[in-house]
Each structure stands twice: as structure tokens, then as C-alpha cells.
Amino acid sequence: MIVTILLICSLTAIAIGYIPKFRMNRTTIALVSATFLVVTGGIGYEDAIKSIHFDTIILLFSMMIINANFGVSGFFNLISMTIIKRAKTPKKLLFIIIFTSGLLSSLLLNDTVAIMFTPIVINMLAKLNRNPIPYLIGLGMATNIGSAMTPIGNPQNMLIASYSGMSFIDFVTPLFAVSIVSLFVLYYVIMFFYKDEFNNIEIVPLEFERIRLYKPLLIKSIIATSIMLVMFFLKFSVAYSALVAAAILLFTRRIKPERVFREIDWSLLVFFSSLFVITTTVQSSGLGDKLYHIFKNYIFSGITPFSISMALFSNIVSNVPAVMLFSPFIKTIENPYQYWIIAAMSSTFAGNLTIIGSVANIIVVELALKHGIKINFTNFFKTGVVITITTISIGVIWLNIIF
């Protein structure tokens, strides 16, 4: 009984994101909860260690190293400035921001793309005297949509890839078209809601400061990433391929490791590890089975109900915990492949419903606020609800066709 109450309180606190009057975020809540579950006998210490899915942790850590090297090399500044300077009208500018951030998020972590692109876009829009809100909303949502198409685009997809053992090709094939179409949907929906901003007025070309590039590191990062992609296509493990690329980048005489490790989001790794312990306890305690028997006739009755359920859970407890909670049941299905793909699509697209639906959205909004730009809940939600419902609907229709 104590374990069940602790689990419910833990999942509720993780969903809210904080505990009133305590300085705790999702990571500290998850870590403390996991520890208390061990102390109270909800799960044994050795079982808790075994529950941590190190394949996922390795993949996430490796991608962080790759992203950090791209950031230090000046890659994000180069791409942003080069492409944005080609925009001639507000419509083209929006299109370039959405598709650049979306496509890059498919190969690099969406949160990293949001962190790197947001200050650059804000600075550019200020010089152009444009309304920054529609462009920034487009940036945040595009990083989510674009990240859905690959197993390395976001943390929940990495988790799904590790749990399912799917190859890179098996993952991308059904989701590529959905993500690309959804990026177009995002583009047109934003133009609809902000008609006054997107007229045919030409944009005066801006003079940007000279970009500082670390060319040796940029070339090395591109080579390492290319090797990783080749390994993907040769059907090596996604985590193993990413680790090889990360190791290549860490083998260097020029960059101090401390500079790279400063860019690692250690709290996210702790959060994942703690969640593995919590979700394993949910299953071993019997709570998971009770929930499964209550909802199984609806949730796993088809693509549409499963997508809706995953989207709802992703907005209640966040997408990563939702995937962790659903994954033990997906593994028991006779043909789980389609459910893993649906989970990746719906949990990621669901993140665009509200500002707190995804870390990428929060990053964009918080960085904007530091520059005096306030994106309130209403502004975001009126676009987010249309984007979320439309993109998930497109995904459901497409996946129903191919499956």
C-alpha cells in the first residue's frame, strides 16, 4: 500500500514538474522518488540498478557529445546565418526557420537545436523589426515535429529505439513522410493565425557579424556523424553507432574534454535513470497490471485509440514517462512494431499542445522572455491545439494506410 501511494505521488509530482515549497524539479523528484522506492522495499537495490536501460543512457549521452562538438565548432551559427540571409519575404523567412530547425532536429537533439537557434532568430527578428512570436512558436514546434522522424531526434524516440531494437531505416521509413507533411501544416497554420505579419513586403538583407568557425572540429564532427549514419544504414545498433561517433570526437588534441562535458545535460541522464527505476516498480508492484486491465480494451484496440491515449498521457506525465509506462505492455503485443512507431509519432506531436508539453517549447519561451518577448499560454495554445490535433490525425491516417 505504501509503495502504491508513493508511486502515485511520484508520478503526480513528475507530471506537475515541482513540489510546492520545495526547490525540486522533475529530475530531483524522480531521483528522490526512486531512492524512496528502494528504501521502502518497493524494489530491491540490485533490481533498481538492473532496471536502468543503459543502452538508452549510452545513446542519449553519445548524442549530447556529438551535439556539443557541433555547437563548439560554430555549426549552428553558420547554418542559421547562411540560410536566413536567403529569406526575401516574411513568408520565406518563416518557411526557412521551420524547415531548417525541423530537419536538423531529426539528426540532432531537438532541445539542442532550440537552444542554439532561438537567440540567433531573436536577434535577427529584432533587426528586421518583425513580430517575433509567430516565428518563435514555429521554431519550437518545428523542432518537435522534425525530431519525430528518427530514433535520435528526441529522448523518447531514443528510448523507443532502445526498447524495440528497431534499425534506423525501420524507424524512419513510416515517419519521414508524416513529419515532412506536418512541417508544411505548421507553416500554413501559423500564417493563418498571424495573417498581418506575413504579407509580401520584401525583407532588407541584414549585415551579420563575421561568423567564427572552428573548421577542424566542424569537419571532424561532420565525418563522425557521417560514419554514424553509415552504421545506421548498415543496421548496427543505434546506440552503438552513436557511441562510436562520440568516441571519434573525444579522441582529440585540440578540444579540452571539460569544454565538451560542460554541454552535457547531466540532469537529463539522471532523470532517465530514475524513471527506469520508477516505471519498473510500477510493473513489479502490480499497479501497472491493474492499469493495463482497466484500459487495455480501449488503448490497444487500434492505431487511433492508442494514438489518442499516448497523446493524453504525454501531456499528463510528459512524453518520456508516458513511453516508459506504456512500453512493458507494447512488448507483450504479438506484432509490436506498429505500436512503437505510433508511440514515437503521437508522444512527440503531443508535445506541441502547450508550452510545457515539451522541453524544446519551454526553452524557446524562456529564452524569448529573457529578451523581453512574452509568449503567453493563449498565444501558444491557440496554435498548438490545431497543430497537435491536425498532425496526430495525419499520422493516424497515414499509419492506418501503411499498417
Side-chain angles (χ1 to χ4, degrees), residues 67-68 70-105 108-147 183 186-187 189-191 193-199 201-213 263 265 351-352 354-384 387:
N67 292 343
F70 271 114
V72 172
S73 73
F75 171 78
F76 291 102
N77 286 336
L78 174 64
I79 294 295
S80 300
M81 298 302 184
T82 301
I83 297 179
I84 290 174
K85 282 194 294 187
R86 298 180 182 276
K88 303 298 182 183
T89 66
K91 289 182 181 179
K92 289 183 179 178
L93 179 60
L94 176 68
F95 184 88
I96 290 171
I97 290 174
I98 285 176
F99 276 84
T100 301
S101 56
L103 293 175
L104 280 177
S105 293
L108 303 171
L109 279 172
N110 58 342
D111 299 347
T112 301
V113 174
I115 290 171
M116 296 296 183
F117 269 35
T118 302
I120 296 170
V121 171
I122 290 174
N123 180 55
M124 176 201 62
L125 294 171
K127 290 181 179 179
L128 291 172
N129 197 29
R130 309 303 305 179
N131 175 12
I133 292 177
Y135 301 96
L136 292 174
I137 290 176
L139 170 61
M141 291 187 178
T143 60
N144 291 321
I145 292 172
S147 72
L183 288 174
L186 173 62
Y187 171 66
V189 168
I190 288 180
M191 284 203 300
F193 280 114
Y194 296 91
K195 294 177 182 177
D196 294 339
E197 170 61 24
F198 300 104
N199 49 42
I201 298 174
E202 289 192 3
I203 293 177
V204 179
L206 292 177
E207 291 294 329
F208 291 98
E209 296 178 4
R210 187 170 178 270
I211 300 171
R212 295 183 62 182
L213 285 178
E263 304 298 323
D265 188 348
N352 281 331
T354 64
I355 290 173
I356 61 173
S358 79
V359 175
N361 290 337
I362 295 173
I363 289 169
V364 171
V365 171
E366 289 298 315
L367 288 176
L369 191 59
K370 289 181 180 179
H371 288 80
I373 303 167
K374 186 176 181 180
I375 303 175
N376 60 40
F377 178 87
T378 304
N379 279 338
F380 193 96
F381 183 73
K382 71 178 182 181
T383 305
I387 291 298

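Because the structure is a prediction, the values reported are computed rather than measured. Values below: all heavy atoms of this structure, side chains included; hydrogens, waters and symmetry mates excluded.
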_Please determine whether side-chain contact (heavy atoms from CB on, under 4.5 Å) holds for the pair Ile387 and Ile145, giving the CA-CA distance in whole Å, both sets of side-chain angles, and the decisive distance to 0.1 Å._
CA-CA 10 Å; Ile387 291 298; Ile145 292 172; 4.3 Å; yes

*Do Phe198 and Phe193 pass the ring pair (Phe, Tyr, Trp, His ring centres under 6.0 Å) test, and can you show the C-alpha distance, the side-chain angles, and the key distance before you say yes or no?*
CA-CA 10 Å; Phe198 300 104; Phe193 280 114; over 10 Å; no

*Taking it one step at a time, do Phe117 and Leu367 satisfy side-chain contact (heavy atoms from CB on, under 4.5 Å)?*
CA-CA 10 Å; Phe117 269 35; Leu367 288 176; over 6 Å; no

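The two residues Ala360 and Thr143 come nearest to each other via the heavy atoms CB-OG1, 3.4 Å. When all heavy atoms of Met124 and Ile97 are compared, the closest pair comes out as CE-CD1, 4.2 Å. Of all heavy-atom pairs between Ser101 and Leu139, the closest is CB-CD1, 3.4 Å. Annotation for Arg130 and Pro90: closest pair NH2-CG, 3.4 Å, computed over non-hydrogen atoms. Of all heavy-atom pairs between Tyr194 and Lys382, the closest is OH-CE, 3.9 Å.
Residues satisfying the side chain to side chain contact (heavy atoms under 4.5 Å, CB included) criterion with Asn129, sequence neighbours excluded, are absent altogether. In this view, Phe70 and Phe75 satisfy the ring pair (Phe, Tyr, Trp, His ring centres under 6.0 Å) rule, not counting sequence neighbours.
Checking side-chain atoms of Thr118 against main-chain N and O of Ile115 turns up no donor-acceptor pair under 3.5 Å.
Listed by first and then second residue, the side chain to side chain donor-acceptor pair (under 3.5 Å) pairs that reach into residues 359-368 are Asn144-Asn361, Ser358-Asn361, sequence neighbours excluded.
Under the side chain to side chain contact (heavy atoms under 4.5 Å, CB included) rule, Met141 has a single partner from Val189, Leu136, Leu186, which is Leu186.
Contact check for Lys370 versus Ile122: no side-chain heavy atoms found under the 4.5 Å cut-off. Between Asn67 and Asp111, every side-chain heavy-atom pair lies at or beyond the 4.5 Å cut-off.
Remark: Asn199 CG is packed, more than 12 non-hydrogen atoms of other residues, nucleotides or ligands lying under 6.0 Å away.
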